[in-house]
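Notes follow once the structure below has been shown.
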Amino acid sequence: MKAIKNIGLVIFLIGLAFFTALPVLGTFNLNEANFNTIIKEQKIESDVFINDIKSNIVGRDFNGMQSLSPKISKALDNANENHTKNKEWDKKIYTKSSAMAAFIGKKSANGFIANNKGLMWLLTFGLGIIGALMFILPNVILLGKKGIKNDGIYHQSATNRGWIGWMVFIFLVSFYLVLYFASEYATNWTLLVDPISEALSGNPAGHWFVYGFMYCTVMTVMAVRMYIKYRHNIYQVFRTTSVLFFQIVFAFIIPEIMVRLQMPYYDFKNAFPLDYDFFFQWNLKELTNTGGIGIFILVWGIALTLVVVPIMVYFFGKRWYCSWVCGCGGLAETLGDPYRQHSDKSLFAWKVERYLVHGVLVFVIVMTAMTLYSFFSDTGTVLGIKTSTVQSIYSLVIGSIFAGVIGTGFYPIFGNRVWCRFGCPLAAYLGFVQRFKSKFRITTNGGQCISCGNCSTYCEMGIDVRAYAQKGENIVRSSCVGCGVCSAVCPRGVLKLENGPEDGRINPTEILLGNDVDLMDLVNQK
Amino acid sequence: MEHIVIIGNGISGVTLARHIRKLSDKKITIISAETDYFFSRTAIMYVYMGHMKFEHTQPYENWFWKKNRIELLKAYVQEVDTDNKVVQFADGGHLNYDKLIIATGSKPNKFGWPGQDLDGVIGMYHKQDLDRLEVLAPNNKVCNRAVIVGGGLIGIELAEMLNSRKIPITFLVREDSFWNGVLPKGESQMINNHIKNHHIDLRLSTNLKEIKSDENGRVTSVILEETGEELACNVVGLTAGVTPNIDFLKSSKIELGRGVKVNRFLETNIKDVFAIGDCAEQHEAIGNRRPIEAVWYTGRMMGETLAQTICSNRIEYKPGHWFNSAKFLDIEYQTYGWVFAKPKDYETHFHWKHHKEDICITAAFHKDTNEFLGINTFGIRMRHEIFDKWLTEKRDMNHVISYLKDANFDPEFYKVYESDILKQYNTTFNTNLTSQKKSWKRIFSKT
Ligand SMILES: Cc1cc2nc3c(=O)[nH]c(=O)nc-3n(C[C@H](O)[C@H](O)[C@H](O)COP(=O)(O)OP(=O)(O)OC[C@H]3O[C@@H](n4cnc5c(N)ncnc54)[C@H](O)[C@@H]3O)c2cc1C
Ligand code: SF4
Ligand code: SF4
């Protein structure tokens with residue numbers, strides 16, 4: 001069994017090595033015809049740029065994106081400089097250089113990788129999946145009888161911020177940096193999943209498709225790990241199945257198929273303000289221009305945020321979204337589960353959390369108000385501030401850096417819910433409802449707590465669960481995503497997530513059940 | 001300002017300090033020789049097993065003490081002079097008090113076994129024991145076998161700890177079935193099997209005769225009393241119960257028995273000196289309880305109670321219905337009220353066990369009045385509040401069985417067994433009860 005695991009690990013690492021090497025491999029050669037298509041598709045008017053590319057790039061062989069990409073950005077900068085000087089605004093190219101490089105790269109990839117997509121898929125994703133499963137599946141036997149399987153978490157380098165943890169951190173952060181800021185280097189990855197993308201939407205894959213596909217793959221494989229680890233805990237099994245289903249079907253497959261059907265790309269479960277660009281001008285225009293389905297999406301999107309979400313939170317707590325439906329939550333609960341213990345439980349962290357997450361909520365609301373005002377009044381600025389600038393700042397700082405690079409990249413260091421806890425504006429909104437108007441709570445079982453600290457240690461949201469449990473108080477916290485792990489790991493059966501009457505949900509206690517009833521009355525009634 | 005000095009920073013001393021601070025402005029000092037800050041003794045196993053780091057066992061952040069003006073002093077108290085109201089430290093210092101609380105907890109029992117103080121013999125009580133175990137048994141290369149002596153709750157925790165590092169274990173238990181002084185037969189046997197299923201070499205009805213060592217005084221083997229068999233091992237864990245940790249008081253005027261003798265107000269024979277927690281011994285046991293109650297919950301309750309007395313509201317220690325909980329490897333155990341291992345003459349037991357899983361309950365009721373007396377549950381979590389209420393209301397057994405769904409505390413979607421239990425109850429006692437649906441109203445109503 002151990003041997004299978006080790007072989008699996010080696011296979012996984014080989015797949016990972018191929019995957020990691022791909023961005024700098026491959027040959028590219030742009031032919032005239034393809035370039036003409038790009039000119040048409042991208043509506044390029046700049047003769048400077050076209051000539052530059054034609055003389056320096058077309059027909060030449062390039063090894064690796066690192067030799068092609070700088071040439072393209074140089075050509076682009078050069079052309080734009082030229083047009084700016086001559087005030088030829090209509091000739092200027094507004095596509096970002098990394099995006100332009102990605103377009104050109106995709107069309108010009110021609111070597112081994114482009115010609116052997118299936119094989120390359122097997123060598124990367126294929127080996128990764130097989131290796132990971134070989135590493136994970138033996139746990140069915142190795143983990144033994146049902147029970148809590150946290151042995152050695154703080155002894156292992158991967159889960160105790162050791163060097164493996166830091167390597168994973170570096171890998172994840174780099175991956176997100178490529179994805180958000182240097183997508184041309186993802187060109188080879190997109191080639192691997194072209195066949196899948198074409199089967200779904202009919203289009204070749206872009207880097208977001210790679211991300212979506214990878215997201216689903218990683219979640220599925222790590223969900224297998226969850227199933228094995230928590231196989232005796234039916235709440236965890238249901239929950240994992242649910243997030244997996246919503247990710248694969250709602251976030252991945254349905255939007256692609258909608259594209260095939262000439263409908264807008266839309267994830268029906270992604271609620272504003274997590275879906276922060278829902279009210280952006282381009283989206284509203286697209287929705288209003290696509291007829292019935294567009295209007296339906298618009299109405300659904302608004303109803304989801306204003307009606308469905310709060311009502312569901314009233315009945316079930318925010319867990320129905322955060323740990324049963326949401327994609328960010330889904331990744332956190334699968335890929336992120338091994339790192340849940342790293343969330344900071346200090347009072348200080350709680351303070352930071354409240355400032356940050358509510359700050360982001362205010363930010364998104366202000367930005368959306370500006371957006372809508374600009375949309376309806378047809379102006380680009382509000383009180384002298386450019387709406388588009390605010391939008392770009394949000395997209396960059398919150399949408400990309402916070403949610404992606406930090407949110408996922410920092411899993412091995414700060415735990416798996418960094419984004420959900422400190423950044424997600426939807427979580428902040430749901431949190432208000434959960435705290436002030438909901439049936440959900442974690443009931444503390446009378447006086448049974450022994451203050452051991454398992455619950456707090458494994459709370460991914462950094463809630464000091466024990467602080468409540470050891471006083472006999474129920475846990476009613478806006479940030480609780482209802483993952484149920486505190487309840488699972490409690491060795492004394494103290495915690496139960498439940499939806500009960502609102503009355504007595506919050507129960508400040510000083511003297512715990514089991515002591516003198518008169519004393520309890522005396523102290524607790526005060 | 002009155003100076004309250006507490007010896008011992010365990011759950012009892014710390015609970016007391018917290019409550020005194022809530023009620024008053026008195027000066028509070030907590031003395032302990034063990035650690036700088038309060039930690040949860042019940043969690044030390046999880047540190048060795050790698051579930052937590054030691055700092056996770058500390059229920060309060062380090063700033064808490066200063067903020068609440070609770071002074072912490074790391075020192076070992078060697079003597080208490082109650083005439084001059086002063087405590088003497090081993091390092092020569094001393095501290096005056098106005099009121100003194102002894103909350104020094106327990107220490108592992110040693111029954112005079114030859115070799116019990118050798119290098120490699122440990123108890124499992126203090127932080128130092130945990131640190132020592134890490135040195136003695138970091139893995140199964142350094143420690144090829146460990147022998148655990150004494151089948152109680154700490155013994156089985158030590159077994160689980162060593163098992164997590166795949167260290168072979170021989171577990172010597174004096175009784176003919178695990179913890180059968182407390183657990184009824186069916187349950188005790190289920191635990192026997194559960195232990196064996198974890199590949200632990202469980203030896204029932206077996207006593208330790210002697211521990212042997214090499215020339216450096218390191219443990220090499222143990223000899224068993226009954227068979228004379230010699231078992232090679234590197235570590236011996238002594239977990240045959242605990243005794244109050246009060247040797248330092250022998251020279252004082254404070255009345256001692258096994259523990260520090262206290263009345264129902266937790267007062268000792270000396271004015272302004274009190275004792276709480278594991279080290280306190282009641283002159284007379286309260287109800288079915290033991291005179292020394294060495295559990296977490298009672299230490300906490302004594303702390304809650306004594307704070308009132310110290311802050312001028314003198315009240316008796318009057319614990320409510322008995323409850324407790326533990327975990328035997330993977331099986332969670334909870335108990336409410338009293339279920340005796342050997343049923344008292346007025347007591348009838350109803351035992352239900354799942355046909356396959358390690359899940360069972362034993363409920364005790366009065367054979368004449370049918371009054372519900374208590375329940376042990378294994379592998380099913382139950383609601384403390386509900387059982388406490390049923391015990392207070394002196395509900396009869398039929399009521400408990402019919403309304404058992406109200407008491408279930410397992411996580412959502414778990415399989416429920418109330419109907420099975422009810423069915424078996426009906427057949428056993430020839431009743432015709434029907435199962436009542438769970439009611440939030442009943443569960444959360446305070447009356
Ligand atoms: C491994 C383990 C697991 C347990 N699990 C459970 C459980 O699951 N449930 C349960 O109910 N109970 C459990 N217990 C029992 C429970 O931990 C004790 O009942 C409880 O900790 C006692 O608290 P206390 O405050 O009385 O004393 P302690 O926690 O023992 O604190 C006393 C402190 O005083 C210090 N001290 C003693 N003498 C001196 C001196 N002369 N000078 C200075 N300092 C001194 C000691 O070093 C110690 O730090 C467990 C115990 C152990 C060891
Ligand atoms: S409090 Fe419990 S259920 Fe809520 S997020 Fe933390 S671990 Fe999950
Ligand atoms: S895990 Fe359970 S017993 Fe331990 S501190 Fe949390 S609620 Fe208390």
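- In this structure, the portion of Asn408(B) lying under 4.5 Å from any heavy atom of chain A is its backbone and not its side chain.
- Contacts between Asp358(B) and chain A at a heavy-atom distance below 4.5 Å are absent for every atom of the residue.
- Residue Leu495(A) touches chain B through its backbone alone, counting heavy-atom pairs closer than 4.5 Å.
- Heavy atoms closer than 4.5 Å to chain A are found nowhere in Thr392(B), neither backbone nor side chain.
- Options Gly446(A), Gly453(A), Pro491(A), Gly147(A) differ in how many heavy-atom pairs under 4.5 Å they form with chain B, and the most are formed by Pro491(A).
- Per-residue counts of heavy-atom pairs under 4.5 Å with chain A were compared for Trp296(B), Tyr46(B), Tyr333(B), Phe323(B); the largest is that of Trp296(B).
- For Trp322(B), no part lies near chain A; criterion is any non-hydrogen pair under 4.5 Å.
- Neither the backbone nor the side chain of Val295(B) comes within less than 4.5 Å of any heavy atom in chain A.
- Of the listed residues (Glu61(B), Met301(B), His51(B), Met49(B)), the one with the most heavy-atom contacts under 4.5 Å to chain A is His51(B).
- Within the model, atoms CG of Asp516(A) and OG1 of Thr305(B) stand 6.5 Å from one another, a figure rounded to the nearest 0.5 Å.
- Looking only at heavy-atom pairs under 4.5 Å with chain A, the residue among Ile44(B), Asn324(B), Ile11(B), Ile443(B) that has the most is Asn324(B).
- By the 4.0 Å N-to-carboxylate-O rule, Lys318(B) lies close enough to Asp518(A) to be salt-bridged with it.
- Listed options Thr457(A), Asn445(A), Ile153(A) were ranked by heavy-atom pairs under 4.5 angstrom with chain B; first place goes to Asn445(A).
- For chain A, the option among Glu316(B), Gln58(B), Arg18(B), His198(B) with the highest count of heavy-atom pairs below 4.5 Å is Gln58(B).
- Residue contact with chain B, scored on non-hydrogen atoms closer than 4.5 Å, involves the backbone and the side chain of Glu510(A) alike.
- Heavy-atom neighbours of Asp503(A) CG from other residues, nucleotides or ligands within 6.0 Å: at or below the threshold of 12.
- Annotation for Lys166(B): atom NZ does not count as buried by contact number, only 12 or fewer foreign heavy atoms lying within 6.0 Å.
- Salt-bridge annotation for Glu134(B) and Arg165(B): present, with a side-chain N of the basic residue lying under 4.0 Å from a carboxylate O of the acidic one.
- Proximity to chain B (any heavy atom under 4.5 Å) is shown, for Thr443(A), by both the backbone and the side chain.
- A distance of 13.0 Å separates CG of Leu153(B) from CG of Leu158(B), quoted to the nearest 0.5 Å.
- Heavy-atom distances place no part of Ser456(A) under 4.5 Å from chain B, backbone and side chain included.
- Using a 4.5 Å cut-off between heavy atoms, Arg466(A) contacts chain B through its side chain alone, with no backbone atom that close.
- Residue contact with chain B, scored on non-hydrogen atoms closer than 4.5 Å, involves the backbone and the side chain of Asn233(A) alike.
- Remark: Arg477(A) qualifies as a cation-pi partner of Trp350(A) under the 6.0 Å distance and 45° angle criteria applied to the six-membered ring.
- Looking at Lys471(A), the atoms closer than 4.5 Å to chain B (heavy atoms on both sides) all sit in the side chain, from C-beta outward.
- Side-chain atoms of Ser343(A) and Glu460(A) form no donor-acceptor pair, as typed in the model, at a separation below 3.5 Å.
- Under the 4.0 Å criterion applied to side-chain N and carboxylate O atoms, Arg340(A) and Glu333(A) are assigned as salt-bridge partners.
- Using a 4.5 Å cut-off between heavy atoms, Asn454(A) touches chain B through backbone and side chain atoms alike.
- Within 6.0 Å of atom CZ in Phe414(A), 12 or fewer heavy atoms from other residues, nucleotides or ligands are found, so the atom counts as exposed in its surroundings.
- Among the candidates Gln448(A), His155(A), Lys145(A), Gln156(A), the residue making the largest number of heavy-atom pairs closer than 4.5 Å to chain B is Gln448(A).
- The existence of a salt bridge linking Glu498(A) and Arg441(A) is excluded, since no basic side-chain nitrogen approaches an acidic carboxylate oxygen closer than 4.0 Å.
- The residues Glu502(A) and Lys437(A) are annotated as salt-bridged, a charged nitrogen and a carboxylate oxygen being separated by less than 4.0 angstrom.
- For Glu357(B), the part lying under 4.5 angstrom from a heavy atom of chain A is the side chain only.
- The environment of CZ in Phe413(B) is crowded: more than 12 heavy-atom neighbours from other residues, nucleotides or ligands sit within 6.0 Å.
- At a 4.5 Å heavy-atom cutoff, the contact between Tyr235(A) and chain B is made by backbone and side-chain atoms alike.
- If you measure heavy-atom distances from Leu513(A) to chain B, the contacts under 4.5 Å come from both the backbone and the side chain.
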For Asn507(A) and Glu473(A), run side chain to side chain donor-acceptor pair (under 3.5 Å): C-alpha distance rounded to whole Å, both residues' side-chain angles, the deciding distance at 0.1 Å, then the answer.
CA-CA 6 Å; Asn507(A) 59 340; Glu473(A) 289 178 12; over 6 Å; no

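- Heavy atoms closer than 4.5 Å to chain B are found in the backbone of Val494(A), but not in its side chain.
- Contact annotation for Lys146(A): both backbone and side-chain heavy atoms come within less than 4.5 Å of a heavy atom of chain B.
- For the set Arg41(B), Met45(B), Met302(B), His19(B), the entry with the most heavy-atom pairs within less than 4.5 Å of chain A is His19(B).
- Phe39(B) does not touch chain A: none of its heavy atoms, backbone or side chain, sits under 4.5 Å away.
- Taking the ring axis of Tyr336(B) as reference, the NZ or CZ atom of Arg381(B) does not stay both within 45° of it and closer than 6.0 Å to the ring centre.
- Most heavy-atom pairs under 4.5 Å with chain A, from the set Tyr60(B), Tyr297(B), Phe409(B), Trp440(B): that is Phe409(B).
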